[in-house]
Amino acid sequence: MNFGLSLSQMASMTLPVTILLAFGLDLLLGDPQGWPHIIRLIGKIIATLERLLNRPLLSERQRLARGFLMGLALPAGLTLFLTAFLWLLFRLSLPLWFFARLLLCWQLLALKDLADEAGAVALKLREQGLPPARQSLSRIVGRDTAELSEEEVCKAAVETVAENFADGVMAPLFFLCLFDLPGMFFLKCVNTLDSMIGYKNARYKDFGKVSAKCDDVLNFLPSRLAALLLLLACPFLRLDIKSAWKIFKRDRLKHASPNSGQTEAVVAGALGLQLGGSHKYFGQEVFKPTIGDPRRHAEASDIDLSIRLLYLAGFMALFFAMGVAWLKWLKL
């Protein structure tokens, strides 16, 4: 029973409470280990298709063509399937539709999981030493961690928190409040593609090019909003907002990604750290321009500070998304 309302009307009416409940579930539960998760399912689909499509003897043009198909057709196809599934649930049972929509919105947010994973790096660094901290770090970064120093481990964790605030919190909420769950889901499909095949090594340089570019386009506005929220959060944690603004203006475009540098520059300036530099990915040395000034050495406490910044900016992102959702509801 849907009380005579269309799916779009019901979605707009329930969006503010869905956003609030999904955010609350993420804060409470994060990503429970062993539970089925939509992102892991998407990852398995991507891995299977990549093995089938990205053959070793293909030409550059063939890799680009197949990567184009994968980068656009897969997110679009999965989103259409999800939309049809939600429509069917809406026709069958309004409570079931609401529950499924809420469940997926929760799983597509990643604030607590990001904070927990980064916090585990700091905890192991303090209590168990460098090797266990490197192992924990390897769960959340793409770079090789086996030879990283203690300071490099801390900087890598801080970089990950800064970058993934935009990808895992701000961007999903941005697309959810504007385009409801299908928009949020499409974004996360593209994000997952970029994280799995968006590398610039021999295997993925051509095949993952379209996926990486799509990710850049979709995250362009959310990453800049994320940087703004991080800046606004600095004074509440007594962090150096003047330095954060200075480094943001100076270094935000130094990163190879047009988006990741936005948030990394704010956090680097706020904490007085220099991020970036040379790192190894899949055994190959990759140089990243430095972001920020080396005012001091990174420590485990900097990871803790970045997590507090993440949470505070995350609540600001929640208020932004709910505000947009309420405006949509008022226009009904």
Side-chain angles (χ1 to χ4, degrees), residues 2-3 5-31 38-39 79 82-83 86 89-90 94-116 161-162 164-191 218-237 259 262-263 266 307-332:
N2 58 27
F3 307 104
L5 295 173
S6 69
L7 176 58
S8 61
Q9 288 174 321
M10 185 61 70
S12 294
M13 287 180 62
T14 58
L15 184 57
V17 69
T18 299
I19 293 173
L20 182 61
L21 290 176
F23 194 90
L25 283 172
D26 180 59
L27 288 179
L28 182 65
L29 300 175
D31 177 14
I38 188 65
I39 295 297
T79 303
L82 173 71
T83 304
L86 290 172
L89 285 182
F90 179 75
L94 186 59
L96 189 59
W97 165 79
F98 181 82
F99 177 77
R101 181 165 168 255
L102 174 61
L103 179 67
L104 288 170
C105 288
W106 158 47
Q107 290 198 338
L108 295 175
L109 289 172
L111 190 150
K112 186 176 188 297
D113 190 50
L114 173 60
D116 287 348
V161 170
N164 284 284
F165 168 60
D167 292 342
V169 183
M170 186 70 246
L173 286 173
F174 179 84
F175 277 84
L176 176 59
C177 70
L178 290 181
F179 308 110
D180 211 271
L181 176 57
M184 185 189 198
F185 181 78
F186 183 87
L187 167 81
K188 294 304 293 184
C189 287
V190 173
N191 285 168
L218 291 180
N219 283 286
F220 186 85
L221 283 176
S223 66
R224 284 148 181 81
L225 280 172
L228 175 62
L229 295 184
L230 288 170
L231 279 166
L232 293 175
C234 284
F236 294 97
L237 297 177
N259 301 323
Q262 306 291 323
T263 49
V266 173
I307 292 171
R308 291 168 63 191
L309 197 57
L310 165 72
Y311 271 116
L312 184 52
F315 275 101
M316 291 180 176
L318 170 66
F319 296 144
F320 167 84
M322 288 191 63
V324 174
W326 276 114
L327 287 175
K328 288 177 67 176
W329 179 79
L330 290 173
K331 289 182 180 180
L332 283 177

Do [X] and [Y] touch side chain to side chain, with heavy atoms closer than 4.5 Å?
X	Y	result
L82	F186	no
V17	F98	yes
P172	L187	yes
F320	M170	yes
F165	V266	no
L218	N191	no
M184	L109	yes
F185	C189	yes

If every non-hydrogen atom of [X] is compared with every non-hydrogen atom of [Y], which pair is closest and at what distance?
X	Y	value
K188	D167	NZ-O, 3.6 Å
A233	L312	O-CD2, 3.6 Å
A115	I307	O-CD1, 3.5 Å
V169	A110	CG2-C, 4.5 Å
T263	A162	OG1-O, 2.9 Å
F23	F315	CE2-CE2, 3.9 Å

What's the verdict on side chain to side chain contact (heavy atoms under 4.5 Å, CB included) for L176 and L108, showing C-alpha distance, side-chain angles and the deciding distance?
CA-CA 10 Å; L176 176 59; L108 295 175; over 6 Å; no
Checking C105 against I19 for the side chain to side chain contact (heavy atoms under 4.5 Å, CB included) test, could you report, in this order, the C-alpha distance in whole Å, the side-chain angles of both residues, the deciding distance, and whether it holds?
CA-CA 8 Å; C105 288; I19 293 173; over 6 Å; no
Let me confirm one number: the [atom1]-[atom2] distance from [X] to [Y], rounded to the nearest 0.5 Å.
X	Y	atom1	atom2	value
T79	L86	OG1	CG	10.5 Å
F174	L221	CZ	CG	5.0 Å
L173	L318	CG	CG	7.0 Å
R101	F90	CZ	CZ	10.0 Å
L21	L28	CG	CG	11.5 Å
L225	N219	CG	CG	11.5 Å

Strictly distance-based, threshold 3.5 Å: is any side-chain N or O of [X] a donor or acceptor partner for the main-chain N or O of [Y]?
X	Y	answer
Q262	S223	no
K328	C177	yes
D180	L15	no

Please state whether the rings of F179 and F175 are parallel, tilted or perpendicular, taking 30° and 60° as the class boundaries.
tilted
